[in-house]
Amino acid sequence: MAFNHKHLIDITQYSADDIMLLLETAKNFKQVNERRVKKVPTLKGFTVVNMFNEPSTRTRSSFEIAEKRLSADSLNFGGSSTSTVKGESLVDTVETLCSYKIDLIVVRDKHAGVPRKIADVSGVSVIDAGDGKHQHPTQALLDLYSIWERKGSFDNLKVAVVGDIGHSRVCGSLIPALKIMGCDVTVVAPPTLLPARPDILGVDHVSSNLDEVLPEMDVVYMLRIQRERLEGAPYPSLREYNMLYGLTQKRDKLMKPDACVCHPGPINRGVELDSFMADHPERSIILDQVYAGVLVRMAALYLLLGGSNDGFDA
């Protein structure tokens with residue numbers, strides 16, 4: 001099936017077939033990552049710029065690993081090294097980078113809309129690696145991949161997304177992606193951590209009672225409290241938040257026997273998850289999500305740049 005997209009910025013522009021092609025391509029790259037020599041010439045001769053204007057560990061490292069394993073040349077750019085610190089405009093910076101005849105920009109920024117702006121002025125492919133409170137499409141895709149690997153299908157899957165819905169860019173991509181794939185989605189949060197219109201995300205149900213929701217769920221996706229983006233005091237204390245909305249050993253008994261637990265990382269242990277649930281050998285697929293990040297980002301780079309088929313044959 002053809003992949004007719006130049007950018008990965010807005011997950012809602014992708015169909016269920018597009019998403020399945022990405023997930024199946026990621027699965028094909030799994031064999032590359034599990035052999036002794038984890039490198040193929042698929043993107044040899046392509047140049048990728050990683051423009052991370054906001055701190056990142058998992059996303060940045062997995063993109064860098066994905067690029068290296070596909071044999072792409074990469075330039076890491078951003079933070080205190082960027083010329084925007086010296087007063088250069090974003091547009092001038094992007095145009096300067098494009099003068100090097102690059103092929104793709106991976107961008108992370110604290111301001112929503114920056115990846116779209118870069119796509120408009122650069123003329124090269126752009127992947128949104130997280131912009132403000134807006135979207136994080138590759139995170140949504142690695143989440144879908146992890147759920148698909150565990151459950152085998154998205155049909156009639158009931159998913160709860162729990163926590164800081166209002167400040168999460170993960171939700172901006174994950175919830176629409178789950179809906180595209182046909183899942184039934186419930187968001188669970190105190191009213192102070194919900195957006196004014198949660199229905200705009202496409203959710204099926206909204207609840208403030210985690211204990212009532214858990215027995216029906218196939219997947220429980222726990223969100224990190226976005227303390228760096230909070231305004232005011234949306235909950236009395238972290239201890240009280242954990243009592244009401246934390247996934248704990250006590251709540252494990254409320255869940256379906258085969259329900260799985262996801263988290264985008266980094267985990268605030270003792271807040272949204274206790275160590276029993278975070279490290280649960282049967283339920284937790286959090287480390288599977290980390291690994292899926294490399295596979296999915298390899299697939300996205302490969303499909304957007306149209307690299308050679310050596311990725312599967314070499």
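Ser284 places no side-chain N or O within donor-acceptor distance of the main-chain N or O of Asp279, the cut-off being under 3.5 Å. Counting only distance, with no hydrogens or angles, the side chain of Arg283 and the backbone of Ala259 share a donor-acceptor pair below 3.5 Å. Side-chain N or O atoms of His7 include none that pairs as donor or acceptor with a backbone N or O of Ser125 at under 3.5 Å. Listed for the Arg251 side chain is a donor-acceptor partner under 3.5 Å among the backbone atoms of Gly246. In terms of modelled atom types and a separation under 3.5 Å, the side chain of Lys39 and the main chain of Lys68 share a donor-acceptor contact. Side-chain atoms of Asp131 never come within 3.5 Å of backbone atoms of Asp109 as a donor-acceptor pair (strictly under, hydrogens ignored). A donor-acceptor pair under 3.5 Å is formed between the side chain of Ser99 and the backbone N or O of Glu95. Arg108 places a side-chain N or O within donor-acceptor distance of the main-chain N or O of Ala129, the cut-off being under 3.5 Å. Although no hydrogens or angles enter the test, the distance criterion places no donor-acceptor pair under 3.5 Å between the side chain of Asp164 and the main chain of Ile225. No donor-acceptor pair under 3.5 Å is formed between the side chain of Asp204 and the backbone N or O of Thr186.
Minimum heavy-atom separation, Gln135 to Ser173: OE1-OG, 2.7 Å. Nearest approach of Ser71 to Val40, heavy atoms of both residues: OG-O, 2.5 Å. Nearest heavy atoms, Leu97 versus Ile102: O-CG2, 3.7 Å. For Tyr145 against Ala292, the heavy-atom pair with the smallest separation is CD2-CB, 3.6 Å. Considering all non-hydrogen atoms of both residues, Thr12 and Ile180 come closest at CA-CD1, 4.2 Å. Considering every non-hydrogen atom in both Val220 and Met255, the closest pair reads CG2-CE, 3.8 Å.
Counted by atom type alone, His263 and Gln289 present zero donor-acceptor pairs between their side chains at under 3.5 Å. A donor atom on one side chain and an acceptor atom on the other are not found under 3.5 Å apart for His134 and Asp10. If you check the side chains of Glu64 and Asn50, you find no donor sitting under 3.5 Å from an acceptor. Side-chain contact annotation: Asp18 with His5, donor-acceptor N/O pair under 3.5 Å present.
With respect to Asp258 and Lys256, no salt bridge is recorded, no charged nitrogen being found less than 4.0 Å from a carboxylate O. The existence of a salt bridge linking Lys30 and Glu149 is confirmed by a sub-4.0 Å separation between a basic side-chain nitrogen and an acidic carboxylate oxygen. Using a 4.0 Å cut-off between a side-chain N of Lys or Arg and a carboxylate O of Asp or Glu, Arg269 and Asp274 do not qualify as a salt bridge.
Rounded to the nearest 0.5 Å, atoms OH (Tyr100) and CG (Leu75) are 7.5 Å apart. Atom-to-atom distance recorded for Lys179:NZ and Ile175:CD1 is 10.5 Å, nearest 0.5 angstrom. Note that CD of Gln31 and CG of Leu295 are 11.0 Å apart. Values are rounded to the nearest 0.5 Å. With values rounded to the nearest 0.5 angstrom, Lys253 atom NZ is found 8.5 Å from Thr248 atom OG1. Here the straight-line distance linking atom OG1 of Thr42 with atom CG of Leu301 works out to 10.5 Å at 0.5 Å rounding. Between Leu201 atom CG and Ser168 atom OG the span is 9.5 Å, to the nearest 0.5 Å.
Tracing side-chain contacts under 4.5 Å through hydrophobic residues (I, L, V, M, F, W, Y), one reaches Ile105 starting from Val121; they form part of the same cluster. Follow the hydrophobic side-chain contacts under 4.5 Å out from Val91 and you reach Val114 in the same cluster. In the hydrophobic cluster analysis, where Ile, Leu, Val, Met, Phe, Trp and Tyr join through side-chain heavy atoms closer than 4.5 angstrom, Val290 is grouped apart from Leu273.
With contacts defined as side-chain heavy-atom distances shorter than 4.5 Å, the pair Ile147/Leu157 qualifies. For the pair Asp92 and Ser89, the minimum side-chain heavy-atom distance is below 4.5 Å. Contact check for Val261 versus Ile285: no side-chain heavy atoms found under the 4.5 Å cut-off. A 4.5 Å side-chain heavy-atom check between Tyr14 and Leu22 finds at least one atom pair inside the cut-off. The shortest distance between side-chain heavy atoms of Val48 and Asp103 does not fall below 4.5 Å. When side chains are defined from C-beta on, Lys151 counts as touching Asp218, because their heavy atoms get closer than 4.5 Å. Val213 places none of its side-chain heavy atoms less than 4.5 Å from the side chain of Asn209. Residues Val162 and Leu247 have side chains not in contact (no heavy-atom distance under 4.5 Å, counting atoms from C-beta outward).
Cation-pi check for Arg297 over Phe63 is met; the charged atom lies under 6.0 angstrom from the ring centroid and within 45 degrees of its normal.
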Test Phe46 against Leu70 for side-chain contact (heavy atoms from CB on, under 4.5 Å), laying out the working first.
-> CA-CA 10 Å; Phe46 288 89; Leu70 292 170; over 6 Å; no
Between Thr138 and Ile127, does a side-chain contact (heavy atoms from CB on, under 4.5 Å) hold up when you go through it step by step?
-> CA-CA 8 Å; Thr138 58; Ile127 296 178; 3.8 Å; yes
Step by step, work out the side-chain hydrogen bond (donor to acceptor under 3.5 Å, both in side chains) result for Asn53 and His111.
-> CA-CA 10 Å; Asn53 301 324; His111 300 295; over 6 Å; no
Audit row: Val296, Leu144, side-chain contact (heavy atoms from CB on, under 4.5 Å) steps and yes/no = CA-CA 10 Å; Val296 161; Leu144 290 181; over 6 Å; no
Please lay out, stage by stage, how Arg169 and Glu54 fare under the test salt bridge (Lys or Arg N to Asp or Glu O under 4.0 Å).
-> CA-CA 14 Å; Arg169 59 183 162 215; Glu54 187 183 48; 2.9 Å; yes
Does the pair Gln139 and Asp143 meet the rule for a side-chain hydrogen bond (donor to acceptor under 3.5 Å, both in side chains), with working shown?
-> CA-CA 6 Å; Gln139 177 70 48; Asp143 295 334; 2.9 Å; yes
Verdict with supporting geometry, Leu304 and Phe3, side-chain contact (heavy atoms from CB on, under 4.5 Å) = CA-CA 8 Å; Leu304 290 173; Phe3 190 76; 3.8 Å; yes
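A perpendicular orientation is assigned to the rings of Phe276 and His280, their planes being inclined by more than 60° (bins at 30° and 60°). Between Tyr302 and Phe29, the ring planes are perpendicular. Angles over 60° get that label, and only those under 30° would be called parallel.
Around atom CZ of Arg239, no more than 12 heavy atoms belonging to other residues, nucleotides or ligands sit under 6.0 Å away. Within 6.0 Å of atom NZ in Lys38, more than 12 heavy atoms from other residues, nucleotides or ligands are found, so the atom counts as buried in its surroundings.
Residues meeting the side chain to side chain contact (heavy atoms under 4.5 Å, CB included) test with Asp155, sequence neighbours left out: Ser153. Remark: Lys27 pairs with no residue by the salt bridge (charged side-chain N to carboxylate O under 4.0 Å, His left out) rule, at least two apart or across chains. Every residue two or more places apart in sequence or in another chain that forms a side chain to side chain contact (heavy atoms under 4.5 Å, CB included) with Leu244 is listed here: Glu240.
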